[in-house]
2 protein chains.
Amino acid sequence: MYQTVKPKNDSVQSDCGVCPIKRRAVCAYCEAQDLVELEKIKSYKTYAPGEMIIWTGDDMRFVGSIVSGVASLSQTMEDGRRQMVGLLLPSDFVGRPGRAKAVFDVEAATEVTICRFDRKPFEQLLVKLPHLSGRMLEMSLDELDAAREWMLVLGRKNAREKIASLLSIIARREGELHKKPLRDGAEFDIKLTREAMADYLGLTLETVSRQINALKKDGVISLQGKRHVKICDCVRLMMETGNDDDGGMVI
Amino acid sequence: MYQTVKPKNDSVQSDCGVCPIKRRAVCAYCEAQDLVELEKIKSYKTYAPGEMIIWTGDDMRFVGSIVSGVASLSQTMEDGRRQMVGLLLPSDFVGRPGRAKAVFDVEAATEVTICRFDRKPFEQLLVKLPHLSGRMLEMSLDELDAAREWMLVLGRKNAREKIASLLSIIARREGELHKKPLRDGAEFDIKLTREAMADYLGLTLETVSRQINALKKDGVISLQGKRHVKICDCVRLMMETGNDDDGGMVI
DNA sequence: CGATATGTTGAACATTCTCAAGGGATGTGG
DNA sequence: CCACATCCCTTGAGAATGTTCAACATATCG
């Protein structure tokens, strides 16, 4: 478990014109007049690392977009077993229009800033603004594909393949962000603890630790500290994922 | 693997007015004039049990709704490992608007009839008909929740819990169909082979067989033949799933 | 400095898989 | 009609993978 940190309530002000995620978020297709409507119901909030953004069962007063940082979407069983079901990165959508109660926990893995929209009026805008609902549908379908890809990882891959899959996904997304293709020597920070990685992969944290160090020992990756990874052999990493094609990952 | 059966090409004619899935399918919110548009691009096709409806990599010339029967959505790795990522029942949607190539296999588990729409014109209707795109979004979000629920099953449940989860989902859906609540003595057919169940649960077929017979031996269920299940102890079955609440399943 | 969170490593153990054999049920061709 | 093949399912025994429990290392923070 993570430590729980007191929420910061500092409201940030920002302008859609300089928003870092404006080309990929739910509002990406909105035009100036649409944005005016959205701005009326918009507020920003920043969460500290480890802070719970939403608890399962909470009333969902807002939905929104991750502006910066990394959050996790997860489910917990009575006895404490936990499964992460989504990794929320900048531009990803939080919350479910049409649902009043949260069915998943959302937790800030790093410091996270969210552009929040009041849920009820947002739902009305979904009906009113085709640009908004169109992008919403597109994003939902992409997430659905990503979830299904991940089901293969959870159901059929062994521990080593799971770790390789996670690393390749993080590396790929990092690459997208910096517009660099994935290549030997690519470096990035894993913004997750071993435990969070285990929760994503359906493993124990001990197994995660062992397999990461095995990949290091085999020269597929190298580590600086615990969280900073360099991909030594990119093709090898893709082979280790067990995937036939290396372009098929949807996340 | 299933035997492959020659496709039947009998086109069925049907009228939306008497369609068994009209209240839940993607067209559920459409009005008379919307349906006229849809009928122009509509055709029915029936597939034999075991027949492949779509292969990964196929050009997607159509999307559509399952009218009757059960189909599976799955992914296969090079070495033959397979993971089912969706169980398609009547009213479920097949295909992904906006995507030209299939990324999953779709296979008929029983005889399946699909109401198909030509993909390109359907995409145009999505833009034109808010009732259509609204329902599409709603269904996509429901499927996404279901996929995420299933990730917990795949990642964190043991074999016995997985079997109990599958049985409770099938029983629940069967109940919805006949408008009966799930109760002791409820009966239904599992329309999947042990192998298909294994592919859904991320297990081997031997483990599936053993766990089903263990649940039978423990008096949770009873069997008539291999596929017909009676739930002897409904509360016990829910406990065996490992779920805290028994109403939270989204599928 | 102690307290806490995070990460590593080892050894015993449990669960599930793999491989193998065999048992109905169904369908087909001789 | 019978022999045979095929599909689906069951059961057993040994092997493999990952978990559990425990100890310890390191870094950060008040």
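Each chain gets a letter, A, B and so on, in the order the sequences are listed, and its residues count up from 1.
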Visitor: Output the single nucleotide from D:dT19, C:dT18, C:dG7 whose closest atom is nearest the side chain of B:T204.
Guide: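 Nearest nucleotide to the side chain: C:dT18.
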Visitor: Of all the nucleotides listed (C:dT16, C:dG10, C:dG7), which has the minimum atom distance to the side chain of B:L203?
Guide: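 Of C:dT16, C:dG10, C:dG7, C:dT16 is nearest to the side chain of B:L203.
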Visitor: Output the single nucleotide from D:dC9, D:dT19, D:dT20 whose closest atom is nearest the side chain of B:R227.
Guide: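 Out of D:dC9, D:dT19, D:dT20, the nucleotide with an atom closest to B:R227's side chain is D:dC9.
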Visitor: Any Lys/Arg nitrogen of A:R81 or B:E161 sitting under 4.0 Å from an Asp/Glu carboxylate oxygen of the other?
Guide: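 The answer is yes: the pair qualifies as a salt bridge.
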Visitor: For B:V208 and B:R156, take the nucleotide of DNA chain D holding the closest heavy atom to each; which residue's nucleotide lies nearer the 5' end?
Guide: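 By nearest-heavy-atom nucleotide position, the 5'-most residue is B:V208.
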Visitor: Got more than 12 heavy atoms from elsewhere within 6.0 Å of CZ, B:R227?
Guide: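 Check passes, neighbour count above 12.
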Visitor: Could you state the atom-to-atom distance from CD of B:E161 to P of C:dT15 in whole Å?
Guide: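 Distance, rounded to whole Å: 12 Å.
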Visitor: Considering only side-chain heavy atoms of B:T207, which listed nucleotide, C:dT8, C:dC17, D:dT10, is closest?
Guide: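 Closest nucleotide to the B:T207 side chain: C:dC17.
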Visitor: Checking B:W150 side chain against B:L201 main chain: does a donor-acceptor pair fall under 3.5 Å?
Guide: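 Not a single qualifying donor-acceptor pair exists.
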Visitor: Rounded to whole angstrom units, what separation is found between the CG atom of A:L215 and the P atom of C:dT8?
Guide: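 Distance check: A:L215 CG to C:dT8 P gives 12 Å.
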Visitor: Give a yes or no on whether a donor-acceptor pair under 3.5 Å exists between the nucleobase atoms of D:dC21, that is its base, and the side chain of A:E206.
Guide: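 In this structure, the two groups form a donor-acceptor pair.
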Visitor: In this structure, how many angstroms lie between the P atom of D:dT19 and the CZ atom of A:R81, rounded?
Guide: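 In whole Å, D:dT19 P lies 12 Å from A:R81 CZ.
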Visitor: Please tell me which of A:N213 and B:R160 maps to the more 5' nucleotide of DNA chain C, matching each residue to the nucleotide holding its nearest heavy atom.
Guide: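 Comparing both residues, the 5'-ward one is A:N213.
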Visitor: Measure the distance from CG on A:L192 to P on C:dA5 and round it to the nearest whole Å.
Guide: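 About 18 Å, once rounded to whole Å.
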Visitor: Could you check whether the side chain of B:R210 and the base of C:dT18 have a donor-acceptor pair of N or O atoms closer than 3.5 Å, going by distance alone?
Guide: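 Such a pair is found, so the answer is yes.
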Visitor: Does a side chain donor of either B:S168 or B:S165 reach within less than 3.5 Å of an acceptor in the other side chain?
Guide: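 Result is no, nothing qualifies.
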